[in-house]
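Predicted model, so just to flag it, every value in this text is computed and none were measured.
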Amino acid sequence: MAMKVARDLPRLVAALAVGAFALLPTAGLPAFYDSFLYLVLFWVSLATSWALLSGFAGYFSLGHAAFFGVGLYTTAVMATKFDVPFLLTLPAAAILPALLAVVIGAIVFRLRRLRGELFALLTLAVTFVIATIVLNTPIDGGGGIFMSAVPLPSLMPTPTGTFYLLAFVICVTTLAIAWKVSHSRLGMGLFAIHDDEDVAEAKGVPTFRYKLAAFALSAGIAGIVGGVHAMFVGFITVAGTFELTVPLYVVLMSVLGGSRSWFGPAVGAVVITTLLNSFNSGDQAMLGRAFVGFILIVAILWLPDGVVPAVRKWLKRRPTGAARAGAAVAPVVASTKPAGDRTLLEVRGATKRFGGLLALAGVDLDVREGEIVGLVGPNGSGKTTLINVISGHYPLSGGSIALDGRQISALPAHDIARRGVARTYQIPRPFMNMTALENVIAAATFGGPSRSPAEIREESLHWMAFTGLSGKEDMLPAGLNLHERKFLELARALATKPKLLLLDEVLSGLNPTEIDNAIRLVRAIRAQGATIVFVEHLMRAVVELSDRVAVLNEGKLFALGAPHEVMRDPGVVSIYLGKAYAA
């Protein structure tokens, strides 16, 4: 009973607080306070909506004013020119900007080069285009739109109270959406995209669809905020709507509070709005802006992730035992399951061109279920490129790839991951803002079979222990050494329960003891039933681990066979091993 009360009490307190704030205008406060609180809620909603895409997924946008303005003009036009009741215009004020975001995203998100600053500049350009269209059409025509004749519903005793209530409802809804997204599968995918989009796709995150959803949510919230604001300001002009103030302020607010946190932008919005409205006139207004600028400089220098993440880190600090010196040796499991006769991977005529460079020139390769195939060859021979086309990182220029009898060469990387292909990277590429355990959970969530969150967590803990990373669950990847980061790559891949595991130089950079541990681990992985294709330059590991060795040279399959036979092939000795090794 006591546990139930302890669990439900915070929810009850939160519900009572929301109800009390919703009814605040009935307390008879002066209109100034209602208007001030409206502005605080207005900026909280805008900053939080911006963070859904730009903070969570890392797609920095300077075009938030475009979606805010579309929503604002949607309400203004519908209410003044078509006599639609004000409240009935608000759904349209949300839907039209969301649709606009979907159209833009459907084009932009398919182009890898339009990331970072290019995406920011593109969204800024969209703002100018929309402003020009509105200004030079009957939507505005240059004279602006008066909203004074539009009746405002009496939701509260005063007009300012009504505006406060509308802003409060939108703000609470926006924060609830942000919380839900940040604690959902969608949020996990967006955070992965933020850290490394290509890896997120390879781990099974449907990056295109998730970015589109976040963009639509962000734009829709900005649009409905604009719809309410149209009534609040009363007179709409293009210059006052599509200015840089909106994107500038939402960026500053999110950065100050912490754009990766669902609650961070709200904290930044409250602080900045309060400061700016504390200095209302003349020199005081300039002083207020200067003070805000100073606070932001301090925050960027000493709190680069924002106030809320910094506070969370401070609260989590507690005495802990000394970190283990290295990952534990993986248990040695005898490989009792020999390779079968069934072909799991079938590569036919795989060709990949990069401009005038032919990286793969018609590679044919079959991999049987349960076997380990070593992939060797000189630098630039096409080994990693073959791994990349199998995993879907690069599309084939020609040829085909089939997994378990089904063609996968035309599928995006996240679909290939879900069909049972997992990979590691030569240089470890963990999600740097996620803990080690969160990295493995993300891979298991998107790349593996459907499981409950509890089962995914248990599975992830199992693979961290399997790879010797017990005790490192709460550490960020930056706190792990190279050996541990490579084993974290393995844990992420294994958590998806792959049919086919692609290892790209998993032993490079390790010392002899760590190499021995890694060889034991690969054997144990094969004993679990996995089929492995691995790229490696360390011949001792290739000979000890491989059932067959495939040698690539100049993008072609040069030799294929048992390890000792291939190593004695005169052609292989000539192009790759050298006489000294052969001797």
Side-chain angles (χ1 to χ4, degrees), residues 42 45-82 84 88-111 114-115 118-141 145 170 173-174 177-178 181 186 190 193 207-230 236-251:
F42 165 83
S45 298
L46 276 182
T48 304
S49 67
W50 180 86
L52 287 171
L53 175 72
S54 299
F56 288 10
Y59 270 74
F60 197 90
S61 171
L62 290 176
H64 217 52
F67 308 109
F68 167 76
V70 169
L72 187 146
Y73 268 97
T74 297
T75 288
V77 171
M78 291 179 68
T80 59
K81 297 185 179 182
F82 298 100
V84 178
L88 295 182
T89 69
L90 296 182
I95 291 171
L96 286 181
L99 290 176
L100 175 63
V102 168
V103 171
I104 295 172
I107 300 171
V108 173
F109 291 150
R110 293 189 183 278
L111 304 175
L114 290 178
R115 298 178 183 175
L118 291 180
F119 180 80
L121 292 174
L122 177 74
T123 55
L124 184 61
V126 168
T127 304
F128 295 146
V129 169
I130 293 176
T132 302
I133 293 172
V134 171
L135 184 64
N136 293 280
T137 61
I139 295 175
D140 183 289
I145 300 176
I170 293 173
T173 303
T174 300
I177 291 172
V181 169
L186 172 60
L190 293 175
I193 291 169
T207 56
F208 176 76
R209 189 164 72 244
Y210 275 24
K211 290 183 295 184
L212 216 56
F215 203 7
L217 269 177
S218 175
I221 294 171
I224 197 169
V225 170
V228 174
H229 202 61
I236 316 301
T237 64
V238 170
T241 300
F242 297 98
E243 57 182 347
L244 288 177
T245 300
V246 170
L248 177 62
Y249 278 177
V250 296
V251 170

With rounding to the nearest 0.5 angstrom, report the [atom1] to [atom2] distance, [X] to [Y].
{"X": "Ile170", "Y": "Thr48", "atom1": "CD1", "atom2": "OG1", "result": "12.5 Å"}
{"X": "Thr174", "Y": "Leu46", "atom1": "OG1", "atom2": "CG", "result": "8.5 Å"}
{"X": "Thr74", "Y": "Leu90", "atom1": "OG1", "atom2": "CG", "result": "10.5 Å"}
{"X": "Trp50", "Y": "Leu52", "atom1": "CH2", "atom2": "CG", "result": "11.0 Å"}
{"X": "Thr127", "Y": "Phe242", "atom1": "OG1", "atom2": "CZ", "result": "8.0 Å"}
{"X": "His64", "Y": "Leu248", "atom1": "NE2", "atom2": "CG", "result": "13.5 Å"}

Taking side-chain contact (heavy atoms from CB on, under 4.5 Å) as the definition, give me every residue that meets it alongside [X], ordered by chain and number, with sequence neighbours left out.
{"X": "Ile95", "value": "Leu99"}
{"X": "Ile133", "value": "Val129, Thr137"}
{"X": "Thr173", "value": "Val169, Ile177"}
{"X": "Thr123", "value": "Ser61, Leu62, Phe119"}

For [X] and [Y], work out which heavy atoms get closest and say how close.
{"X": "Ile193", "Y": "Lys211", "value": "CD1-CG, 4.0 Å"}
{"X": "Ala93", "Y": "Thr75", "value": "CB-OG1, 3.6 Å"}
{"X": "Thr241", "Y": "Tyr73", "value": "OG1-CE1, 4.0 Å"}
{"X": "Ala66", "Y": "Val126", "value": "CB-CG1, 4.3 Å"}

Using the rule given for side chain to side chain contact (heavy atoms under 4.5 Å, CB included), can you reason through Thr132 versus Val238, listing the C-alpha separation, both sets of side-chain angles and the distance that settles it, and then say yes or no? CA-CA 9 Å; Thr132 302; Val238 170; over 6 Å; no

My understanding is that only residues two or more places apart in sequence, or in another chain, count here; which of them pass side chain to side chain donor-acceptor pair (under 3.5 Å) with Ser45? none

Sorted by chain and number, sequence neighbours left out, side chain to side chain donor-acceptor pair (under 3.5 Å) with Thr80 holds for none

Anything under 3.5 Å between a donor and an acceptor, one on a side chain of residues 213-230, the other on a protein residue two or more places apart or in another chain? List them.
| unit_1 | atom_1 | unit_2 | atom_2 | d |
| --- | --- | --- | --- | --- |
| Ser218 | OG | Ser49 | O | 2.7 |
| His229 | ND1 | Tyr38 | OH | 2.8 |

Does the side chain to side chain contact (heavy atoms under 4.5 Å, CB included) test come out yes or no for Phe60 and Val251, once each step is laid out? CA-CA 9 Å; Phe60 197 90; Val251 170; 3.5 Å; yes

Do the side chains of Val70 and Val134 get nearer than 4.5 Å, heavy atoms only? no

